[in-house]
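Note sheet for the following structure.
Indexing begins at 1, ligand by ligand and atom by atom, following the structure's order.
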Amino acid sequence: MTARPRLLHVVGTRPNFMKVAPVIHALSARGDCAQTLVHTGQHYDERLSATFFDELDLPAPDHFLGVGSGTHGEQTARVILALEPILRADPPDAVVVPGDVNSTMAAALTAVKVGIPVAHLESGLRSGDRQMPEEHNRIVTDHLADLLLTTSRDADDNLRGEGIPNQRIRFVGNTMIDSLRRYEQRARDLDLARSELGVEGHVLVTLHRPALVDDSAALRAVMEVLEEVATDRPVLFPLHPRTALMLESAGWHPRRVQILEPQSYLRFLSLQATAAAVLTDSGGVQEETTVLGVPCFTLRANTERPVTITEGTNRLLGLGPAALVTFRAALGELGPRPAAQTPEGWDGRAGERAAAALVGLASEGASAGVTAPSQVGAR
Ligand code: UD1
């Protein structure tokens, strides 16, 4: 009997976990591949990591690299240093990297240097903003990867436009929405806003991007507007550690805005599903609100997820004072809930399609006999 092909997944941060979980589950159900899970430890807080593993039924990682926080260079370098010996000691047939965080790019780079095929899950998204660390990670990862699994057709176009051959691109849809569909009813039943916080018709806020929260004047301006909004309706703001740090160093204290700890997957989904509106700079939240039919206001100059605007509930506000005026006015005019939208491939089955494509890649890797290249150039 020939051994099953082997896939190694690398995850590192909160938004990776819900993208990868449906793929791991679909591969387990198929049973035709062996899987290894590596957690880089880019996110290490219990609230940003361990609770997600529990709720999403992810297996415990086989390897935890413990890279932690640091500059982009430090984080990237630590992933490479810690992952390379693992890949060399026991090379899998393919490495799977999700999303656009530093761990994603670092793992893709490590794998190609060791001669292992790479699959990128959530490929082809482009904001066009070269200031964004995620944009660097997307571009590098896509150009290194052998298999590019995309969530939307515009991503396919972006990749082709950059000269990536069509045969490497596979549209599979949005695996993060598989997770949402799986947990949506439980999240609605939880009804956290009403049952635990005693509020209704709330505005949910998530902000963590350096472009906004590292600019203390901009962050303060947002908080002032949120305090005004909170005179009319509840404002719930679960704080990412980066944002918490910035608010603390700015000496800001909430008056009416309800600050929350980072929430688990299920609890955050519950707060989203029952929100009157969401204000965010997150990528995933733009997608989740689209399928939940919740009006989403994105406090960014651009988005790499245009389908959430053209087909969904998302509205791009831009950054700066005018954006906040628009947001304030739009909240005053909130009509009946928009219909929930299901962009193509956001159907709860993307994990299965991704799994089928990954088995193909790993089988090719296995039959080609992935061999770690010599350490030429190492010394
Ligand atoms: C990272 C991703 C971002 C993603 C976000 C989701 C990159 C370049 N950025 O940003 O794309 O949207 O995750 O949350 O990879 N910290 C903790 N505990 C943790 C992790 C971080 O307190 O477990 C704090 C530290 O102060 C750290 C800061 O958050 O310095 C930033 O963490 P980092 O991993 O560098 O980036 P994120 O802002 O989380």
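- Here P15 pairs with T13, K19 under the side chain to side chain contact (heavy atoms under 4.5 Å, CB included) rule; sequence neighbours left out.
- Across E135, H208, H43, heavy-atom proximity to atom 14 (O) of ligand 1 is greatest for H43.
- Considering both main-chain and side-chain atoms, Q42 comes within under 3.5 Å of ligand 1 through a nitrogen or oxygen pair.
- Among H72, M246, R14, Q75, the residue whose heavy atom sits closest to atom 35 (O) of ligand 1 is Q75.
- A donor and an acceptor atom, one from each side chain of T206 and H240, are nowhere located under 3.5 Å apart.
- Using a 4.0 Å cut-off between charged side-chain N and carboxylate O, R305 and E287 make a salt bridge.
- Remark: minimum distance from atom 24 (C) of ligand 1 to any protein heavy atom is reached at P241 CB, 3.7 Å.
- Contact atoms of ligand 1 toward H240: 14 (O), 29 (O), 37 (P), 38 (O), 39 (O) (distance under 4.0 Å to a heavy atom of the residue).
- With respect to atom 11 (O) of ligand 1, the closest heavy atom belonging to the protein is E134 OE2, 2.5 Å.
- A donor atom on one side chain and an acceptor atom on the other are not found under 3.5 Å apart for R168 and N166.
- Taking atom 17 (C) of ligand 1 as the reference point, the nearest protein heavy-atom neighbour is Y44 OH, 3.4 Å.
- Heavy-atom contacts from other residues, nucleotides or ligands closer than 6.0 Å to CZ of R194 number 12 or fewer.
- Those atoms of ligand 1 that come under 4.0 Å of a heavy atom in P15, given as number and element, are 6 (C).
- Donor-acceptor pairing under 3.5 Å is lacking for the side chains of H25 and D57.
- Enclosure of atom CD in E248 is not indicated, since only 12 or fewer non-hydrogen atoms of other residues, nucleotides or ligands lie within 6.0 angstrom.
- Among all protein heavy atoms, the one lying closest to atom 8 (C) of ligand 1 is N102 OD1, 3.3 Å.
- With 3.5 Å as the limit, one finds a donor-acceptor pair spanning the side chains of E55 and S264.
- Shortest contact from atom 2 (C) of ligand 1 to any protein heavy atom: V101 CG1, 3.6 Å.
- Side-chain contact check for T303 and Q286: at least one donor-acceptor pair (N or O, by modelled atom type) lies under 3.5 Å.
- Looking from atom 26 (O) of ligand 1 to the surrounding protein, the closest heavy atom is L245 CD2, 4.3 Å.
- Closest protein heavy atom to atom 27 (C) of ligand 1: S69 OG, 3.2 Å.
- The protein non-hydrogen atom at the shortest distance from atom 31 (C) of ligand 1 is R242 NH2, 3.9 Å.
- No N or O atom of T13 sits closer than 3.5 Å to an N or O atom of ligand 1.
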